[in-house]
S.K.: 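Take a look at the following structure, please.
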Amino acid sequence: MLSSFAPNIYFLLFSYGIVVGLGCGLLYTATVTITCQYFDSRRGLALGLISTGSSVGLFIYAALQKLLIEFYGLDGCLLIVGAVALNILACGSLMRPLQASVSPLPEKAAVENVPEKYSIYNEQEKCPEENISILEKSCRGEEKWKSTFATGDAPQEDAPCKNPAAAAHARDTETYRQKVAEQTYFCTQLAKRKWQLYRTYCRETAALFKNKVFSSLFIAILLFDIGGFPPSLLMEDVARSSNVKEEDFIMPLISIIGIMTAVGKLLLGILADFKWINTLYLYVVTLITMGLALCAIPLAKSYATLAILSAILGFLTGNWSIFPYVTTKTVGIEKLAHAYGILMFFAGLGNSLGPPIIGWFYDWTQTYDIAFYFSGICVLLGGLILLLAALPPWGPCNKQLPKAAPTTFLYKVTSNV
C-alpha cells in the first residue's frame with residue numbers, strides 16, 4: 001500500500017523490493033515451519049495444499065493485475081493488492097505454536113516457579129552484594145572527604161546518625177547503590193545470556209553443515225534456483241525465436257507452467273505421504289528429470305513440443321511442496337526452522353543470480369540454446385550431488401523421528417526427623 005504513494009523508482013526499490021521481499025520471506029518460512037509442526041502423518045498433503053494455494057493465487061493475480069491497472073492505474077492496483085494482503089494478518093493470527101506436552105505441568109513452589117529461560121534472575125538476590133562491595137570502595141574516599149569537611153577533624157562513624165538529614169541521605173545513597181548494583185548485575189547476566197545464545201546458534205549451524213545430506217541439499221537448491229527459475233520467464237521468447245506462429249498458441253506457455261506447477265505441488269505432496277516412497281529419492285528424481293527436460297528445450301521447434309516440455313517443467317517445479325518434507329526428515333522437526341531458513345537464503349541467492357546469468361549467455365550468443373543447456377546442467381548437477389550424498393540408502397527417511405520428551409520437574413523431599 002505504501003508503494004502506491006511512491007514518488008520515484010528509488011522509493012519503489014525500498015518499499016516494494018526490500019520491504020515486500022522481506023515480508024514474503026518471513027511469511028513463507030514461518031508458514032512452512034508451522035505446517036510441518038502441526039502435521040505428521042499427512043504432512044506431504046498439507047504442504048501440497050498450501051503450496052498449491054500460492055500457485056493458484058499467483059495465477060489469478062497475473063490475470064487480475066492487468067485489469068486493475070487498466071481501471072485504476074498502477075497506484076490503485078498497488079493499493080488494492082496491499083489491502084488484500086492485509087488479510088494475511090487474520091490468517092496468521094490463527095497460527096499458534098504447539099506445546100511440548102498436552103498435559104499440564106506440575107507447579108513449582110515459591111521462587112522455583114520461574115521459567116527456565118528467565119534463570120538469569122536466580123542469583124540476583126545474593127550476587128549484588130559483591131557488586132555493592134565494589135561500589136563501596138569507589139565511594140569510600142568520597143565519604144571520608146564529606147566527614148572531614150563536616151567536622152573539621154578525622155572522619156567519625158557515628159556523626160551521620162546524630163543528624164536526621166544525614167541519616168536520610170545515607171539511606172537514599174544505600175538504596176541507590178543497591179539499585180545500581182542490581183541493574184549492573186542484570187545487564188551483565190543478560191549480555192552473557194545473549195552471547196551464549198549466539199554461540200549456540202553458531203555451533204548448531206556448524207553441526208547442520210556436518211550432515212552430508214544437508215550440505216548437498218543446500219548445493220542442490222542453489223543450483224536448482226539458478227537454472228530452474230529463468231525458463232518460466234523465457235518460454236515465450238524461446239517460442240518466438242523458434243519461429244512458432246502466435247496463431248498456433250492454443251494457451252500461453254507460461255499459463256501451462258503455472259497450472260502444472262499447482263498440479264505438481266499437490267500430487268508430489270500426496271506421494272510424499274506414502275510410507276514406501278523415499279522422499280529424498282523422489283526429490284532427486286524431480287531434479288534429474290527437470291535437468292534433462294531443460295536440455296531438451298533447444299531441440300523443440302514446434303508449439304506442441306514446447307507445450308509438452310512446459311507441462312513437464314511446471315509439474316517438476318512443484319517439488320517445492322516436498323522440499324520442506326525432505327528438510328524435516330534430514331534435520332528433524334526441532335531444527336527445521338533453523339535449517340529451512342538457511343536453505344531459503346541460498347534459494348533466494350539462486351533466484352537472484354539465475355536471470356542475470358541467463359541474460360548474459362543470450363547477449364553473448366544471441367540465442368537461448370547455451371542458456372538452457374547451462375540451466376539444465378545446473379539442475380542436473382544438483383540432483384546428482386544429492387543422489388551421491390544419499391547413497392547408501394538414506395536412513396532418516398525410513399524411520400520415524402523420536403518425539404521430544406515432555407519437560408518434567410524433579411523435587412527433593414527433605415525430612416526434619
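Note that the structure is predicted; figures quoted are calculated from it, not measured.
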S.K.: If you compare all heavy atoms of Ile358 against all heavy atoms of Ser375, which two are closest, and at what distance to 0.1 Å?
M.R.: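 What the structure gives for the nearest pair is CD1-OG, 3.2 Å.
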S.K.: Identify the two heavy atoms, one from Ile226 and one from Cys378, that lie closest to each other, and give their separation to 0.1 Å.
M.R.: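 Scanning both residues completely, I find the closest heavy atoms to be CG2-SG, 4.3 Å.
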S.K.: How long is the gap from CG on Leu353 to CG on Leu222, to the nearest 0.5 Å?
M.R.: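 Atom-to-atom, Leu353:CG and Leu222:CG are 7.0 Å apart.
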S.K.: Less than 4.5 Å apart, any side-chain heavy atom of Leu266 and any of Leu45?
M.R.: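 Heavy-atom side-chain distance check passes, below 4.5 Å.
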S.K.: Which atom pair, heavy atoms only, marks the closest approach of Ala389 to Ser216?
M.R.: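 In terms of heavy atoms, the two residues are closest at CB-OG, 2.9 Å.
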S.K.: Which heavy atom of Ala339 sits nearest to which heavy atom of Val331, and what is that distance?
M.R.: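 Smallest heavy-atom distance, with atoms named: CB-CG2, 3.8 Å.
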S.K.: With sequence neighbours left out, what residues match Tyr362 under ring pair (Phe, Tyr, Trp, His ring centres under 6.0 Å)?
M.R.: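 With neighbours one apart ignored, the set is Tyr368.
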S.K.: State, with a plain yes or no, whether a side-chain heavy atom of Ile297 is found less than 4.5 Å away from one of Tyr373.
M.R.: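 No, too far: nothing below the 4.5 Å cut-off.
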S.K.: With the side chain counted from C-beta on, respond yes when Leu294 and Val379 share a heavy-atom pair under 4.5 Å apart, and no when they do not.
M.R.: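 Yes; the side chains approach each other to less than 4.5 Å.
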S.K.: If I take atom CD1 from residue Ile219 and atom CG from residue Leu343, how far apart are they, to the nearest 0.5 angstrom?
M.R.: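 Atom-to-atom, Ile219:CD1 and Leu343:CG are 11.0 Å apart.
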S.K.: Within this structure, what is the CG-CG distance for the pair Leu47 and Leu268, rounded to the nearest 0.5 Å?
M.R.: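 It comes to 12.0 Å.
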S.K.: Taking the side chain as everything from C-beta on, heavy atoms only, tell me whether Leu384 gets closer than 4.5 Å to Ile288.
M.R.: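 SC-SC contact between Leu384 and Ile288 confirmed.
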S.K.: Please tell me if the side chains of Ile333 and Cys36 come closer than 4.5 Å, counting only heavy atoms from C-beta onward.
M.R.: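 Ile333 vs Cys36: side chains touch.
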S.K.: Contact between Phe323 and Met344 at the side-chain level, heavy atoms closer than 4.5 Å - yes or no?
M.R.: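 Yes, close enough: below the 4.5 Å cut-off.
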S.K.: Please report, to 0.1 Å, the donor-acceptor pairs under 3.5 Å made by any side chain of residues 309-322, with sequence neighbours excluded.
M.R.:
unit_1: Ser310; atom_1: OG; unit_2: Leu306; atom_2: O; d: 2.7
unit_1: Thr317; atom_1: OG1; unit_2: Leu313; atom_2: O; d: 2.5
unit_1: Asn319; atom_1: ND2; unit_2: Thr286; atom_2: OG1; d: 3.2
unit_1: Asn319; atom_1: ND2; unit_2: Leu316; atom_2: O; d: 3.4
unit_1: Ser321; atom_1: OG; unit_2: Lys265; atom_2: O; d: 2.8
unit_1: Ser321; atom_1: OG; unit_2: Gly318; atom_2: O; d: 3.1

S.K.: Only counting residues at least two apart or in another chain, list the ones meeting ring pair (Phe, Tyr, Trp, His ring centres under 6.0 Å) with Phe5.
M.R.: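 Here no residue qualifies.
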S.K.: Is there a side-chain contact between Leu86 and Met1, using heavy atoms and a 4.5 Å cut-off?
M.R.: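 Leu86 vs Met1: side chains touch.
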S.K.: Under a 3.5 Å distance rule, please check whether Arg199 uses its side chain to pair with a backbone N or O of Trp195 as donor and acceptor.
M.R.: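 No, because the side chain of Arg199 does not come within donor-acceptor range (under 3.5 Å) of the backbone of Trp195.
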S.K.: List the steps and the verdict of side-chain contact (heavy atoms from CB on, under 4.5 Å) for Leu280 and Lys329.
M.R.: CA-CA 9 Å; Leu280 178 61; Lys329 293 294 184 179; over 6 Å; no
S.K.: Could you tell me the separation between the CG atom of Asn211 and the NZ atom of Lys335, rounded to the nearest 0.5 Å?
M.R.: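 Taking CG in Asn211 and NZ in Lys335, the distance rounds to 9.0 Å.
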S.K.: Which atom pairs, one a donor and one an acceptor, fall under 3.5 Å between side chains of residues 10-33 and the rest of the protein, sequence neighbours left out?
M.R.:
unit_1: Ser15; atom_1: OG; unit_2: Ser3; atom_2: OG; d: 2.8
unit_1: Ser15; atom_1: OG; unit_2: Phe11; atom_2: O; d: 3.0
unit_1: Tyr28; atom_1: OH; unit_2: Tyr340; atom_2: OH; d: 3.3
unit_1: Thr29; atom_1: OG1; unit_2: Gly25; atom_2: O; d: 3.0
unit_1: Thr31; atom_1: OG1; unit_2: Leu27; atom_2: O; d: 2.7
unit_1: Thr33; atom_1: OG1; unit_2: Thr29; atom_2: O; d: 2.7

S.K.: Between atom CG of Leu386 and atom CZ of Phe224, what is the distance when rounded to the nearest 0.5 Å?
M.R.: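 The CG atom of Leu386 sits 12.5 Å away from the CZ atom of Phe224.
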S.K.: Keeping Ser93 on the side-chain end and Ala90 on the backbone end, is there a donor-acceptor pair under 3.5 Å?
M.R.: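 Yes.
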S.K.: How far does CZ of Phe218 sit from OG1 of Thr327, to the nearest 0.5 angstrom?
M.R.: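 Between Phe218 CZ and Thr327 OG1, I get 13.5 Å after rounding to 0.5 Å.
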S.K.: State, yes or no, whether a side-chain contact exists between Asn351 and Phe346 at a heavy-atom distance under 4.5 Å.
M.R.: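 No. Closest side-chain heavy atoms not under 4.5 Å.
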S.K.: Which heavy atom of Ile257 sits nearest to which heavy atom of Thr261, and what is that distance?
M.R.: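 Closest approach of Ile257 to Thr261, heavy atoms only: O-OG1, 2.6 Å.
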S.K.: Side chains of residues 202-209: which donor-acceptor pairs under 3.5 Å do they make with residues two or more places apart or in other chains?
M.R.:
unit_1: Arg203; atom_1: NH2; unit_2: Thr200; atom_2: OG1; d: 3.3
unit_1: Thr205; atom_1: OG1; unit_2: Tyr201; atom_2: O; d: 2.8
unit_1: Thr205; atom_1: OG1; unit_2: His338; atom_2: NE2; d: 2.9

S.K.: Give the C-alpha distance, both sets of side-chain angles, the deciding distance and a yes or no for side-chain contact (heavy atoms from CB on, under 4.5 Å) between Phe372 and Thr367.
M.R.: CA-CA 10 Å; Phe372 276 91; Thr367 179; over 6 Å; no
S.K.: So, for Tyr325 and Ala272, which heavy atoms are closest and what is the spacing to 0.1 Å?
M.R.: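 Here Tyr325 and Ala272 meet closest at OH-O, 3.5 Å.
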S.K.: For residues 57-81, tabulate all N or O donor-acceptor pairs below 3.5 Å that involve a side-chain atom, not counting sequence neighbours.
M.R.:
unit_1: Tyr61; atom_1: OH; unit_2: Gln65; atom_2: NE2; d: 3.2

